[in-house]
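In what follows, chains carry the letters A, B, and so on, assigned in the order in which the sequence lines appear, proteins first and then strands, with residues in each chain numbered from 1.
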Amino acid sequence: MDRTTRRAFRTDLVRGVAPVAILAITGAGIATLFNDSERWAGRWGPLMEYARVIMIVLVPLAVAAAAWQAGRDRRRRTDELLGTTPRPSWQHVALGWAGVTLAAVLGLVLAWLAGVALVAPIATYSGRGWWWGLAVGALALAAASALGTAVGRLVPGRLVAPLAGIGAYVLLGIGTYSDRLTWLTPSFSGATDGTRYLPGWVHVSQALWLAGLAAALVLLAAARHRWLAAIPALVAVTAAVPLVATDDEGRWRVDHTAMAPVCTDEGGLEVCLARVNAFLLDAAEEPVREQLARWDGVDGGFVRAVDRVSIDDAALAPERTAVLEVAHLMSWNGEWSEESEHGERIETVFAQAAADLVYRNCRPYAGDVTAEPAHTSMIWAAEAAHYWTIGETTPLGVVVEDGETAPFQVLLSRPEAEQKDWLGRYLAAAHTCEPAAFDALMEELR
Amino acid sequence: MSTPTVIGTHVEVRDLVVRFGKRTALDGLDLTLDTGVHGLLGPNGAGKTTLMRLLATVAKPTSGTVSLLDHDLRDHRQLRRVRRRLGYLPQHFGYYPRFTVREFVEYFAWLKEVPADRVPTAVDRAIERVGLLDRADDKLKKLSGGMLRRAGIAQAIVNDPDILLFDEPTAGLDPEQRVEFRELLRAIGVDACVLVATHLVEDVTAACTDVTLVNGGRSVFRGTPEELAAAADDSVGGDSPIERGYTTVLRAARQG
Ligand SMILES: Nc1ncnc2c1ncn2[C@@H]1O[C@H](COP(=O)(O)OP(=O)(O)O)[C@@H](O)[C@H]1O
Ligand SMILES: [Mg+2]
């Protein structure tokens, strides 16, 4: 690129739609990214995935900006003058496309960098291959800008830019609803818990698909020989085939390094978090250990708590292990939250682990939660254990009719030794899954 | 600054016909032009703009041939070479209001493929020649109508064209600016072919070495301004001899 081309690019950039596009895309990016920051704070992989979730907003903005930029020659009636100049018109069009692309990518990177502020200082796992996902996001914006450029050049009218943006939004929305087509859209429908990653071939295929699409659209918008667009279009379609041909299952791979437990052990009570969540360990250690201590003296009581994310299958968790949804207690900035916005506390998370033993081992709903449970006493017993763990006689949200006493209230009113004896037998029943054992447990709490 | 790059004929138009549907805008027009300042005079609707757009290579004829700088415009590579040597100020001049004068002229230097090492000087010189140097860093939207025209002229001359096409260039210029513009035309006309389309007779008198009068898509007179003035019939009205000549020739053409 010679000096004059650089100057022309600079002029197009600073005098065109780019400054507004940078502001809009950075602003919208940060607003949408931080709307759900607890899903990615402290974790590189989920930060990238969430940056791809918000593509559903960034891509339409880039499409609209590029369509506006490409409509400029028609709005300003400079086509006449441009038609007498020797420089091939694709170069002039490419300059506008490159400017909007640069602006959009800058917007994405700035929003991502804002996210980095909640990841880099605390992250305990560097993640795997997420940078490819970010690069694909940048390519998606290049393709979005190419789409806008083609539409803005080929279709007249001032409303074309906003309409193209809305159209892109609708297309992406439809795309993400389909298990297969979603892999052709750059936007993810959600972020993982940080223990999954996409294999290289997915990133490469998406990159080729989007780059091919971008090149085809730019050529279509301005090349003297429009048929040239068929070449990159062929690359795009070829790359798209494996993306839609295989289905969703198994596309995400398990990252065993992210899952590897990081543990602390004190006085025989062990607390383990997955490496990807290990930045919470210092803060989690004490409250979790307090919960474990309540089970001291319960036959077969919990002596270990592990992050759900650190094990492949909770059913395979070692004996006497509480499997905790630690991520529920992650706050917006990646710190341990005493109480989440959904009302989760360590007590409620632990209570869920105590009840889950029954659901996991005995499957009272036989896999169908809408069916009547085979043994209602199993459910009641699990619930009693749940509320015993929370440890409040009148917990929030539980309605007990006047004059009646719920089973867990009966349990909590007993002497401590009796409570622990009951819980020991609850744990034993959760192993054998004998209906009679649960019937007997509930009989005691009448 | 510029050395003449053309030895042959600058503009050669043979039997040119342009139709828009049923309407015939150019009807078998012949025209040959070399260096100098040429006036293209004619009433509104005579076909001046249509001819200018053809010479500017933005439109194609229905039939007939256009040859510029002895190049065949149907050949893509020759067309591109011709365009590098063209300057054009359209009748309806579109521009980017947020560009500064310098940015705008520079942008067209890029579009006209002026060699990068020559661009900074060429841009400065073009802006200087139209007298906008003191406003070079102002945005176009801040300029008056006359200044905008001059910015348009600057983009047209930035590549030192061999063929320069001005379509109604004095529209929006005040009398003083018109005088300056005619001086500029004379300077450029020394070694380039300048064609000025206008419906204002006085533009032609002052600056042009010869005049072509078009009417109804045909050339009805070709000669010097003096010859046009000499054609005047004393019975027709008009403020100057050349105006009377213009009216006389037009009337004769309409009757014939
Ligand atoms: N794009 C067009 N479509 C239809 N008719 C046109 C078009 N351009 C010019 N004309 C017609 O061609 C004739 C010549 O117009 P034009 O070249 O603009 O004349 P001038 O510039 O001398 O005033 C007029 O009758 C005009 O209405
Ligand atoms: Mg005209």
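Of the residues considered (D73(A), D12(A), L81(A)), L81(A) shows the highest number of contacts with chain B, using heavy-atom pairs under 4.5 Å. Contact count against chain B (heavy-atom pairs under 4.5 Å) is highest for R87(A) among R72(A), R3(A), R87(A). Residue with the most contacts toward chain B among R10(A), R76(A), R75(A), R77(A): R76(A) (heavy-atom pairs, distance under 4.5 Å).
Using a cut-off of 4.0 Å between Lys/Arg side-chain N and Asp/Glu carboxylate O, R53(B) and E80(A) are scored as salt-bridged. A salt bridge is defined here as a Lys NZ or Arg NE, NH1 or NH2 lying under 4.0 Å from an Asp or Glu carboxylate O, and R102(B) with D124(B) meets this definition.
Of the N and O atoms on the side chains of T57(B) and R83(B), at least one donor lies less than 3.5 Å from an acceptor on the other residue.
In this structure, I22(A) CD1 and I25(A) CD1 are separated by 8.5 Å, a value rounded to the nearest 0.5 Å.
At a heavy-atom separation below 4.5 angstrom, chain A is approached by K139(B), Q155(B) within residues 133-158 of chain B.
Contacts of Y95(B) with chain A are made by backbone atoms alone, with heavy-atom separations under 4.5 Å and no side-chain atom involved.
Listed by first then second residue, pairs satisfying side-chain hydrogen bond (donor to acceptor under 3.5 Å, both in side chains) with a partner in residues 99-120 of chain A read W97(A)-T101(A), T101(A)-S145(A), not counting sequence neighbours. For the side-chain hydrogen bond (donor to acceptor under 3.5 Å, both in side chains) condition, no pair includes a residue of residues 153-176 of chain A, sequence neighbours left out. Every pair passing ring pair (Phe, Tyr, Trp, His ring centres under 6.0 Å) that includes a residue from residues 108-160 of chain B is listed here, sequence neighbours excluded: F104(B)-F108(B), Y107(B)-W110(B).
Annotation: cation-pi geometry satisfied between R52(A) and F188(A) (NZ/CZ under 6.0 angstrom from ring centroid, within 45° of ring axis).
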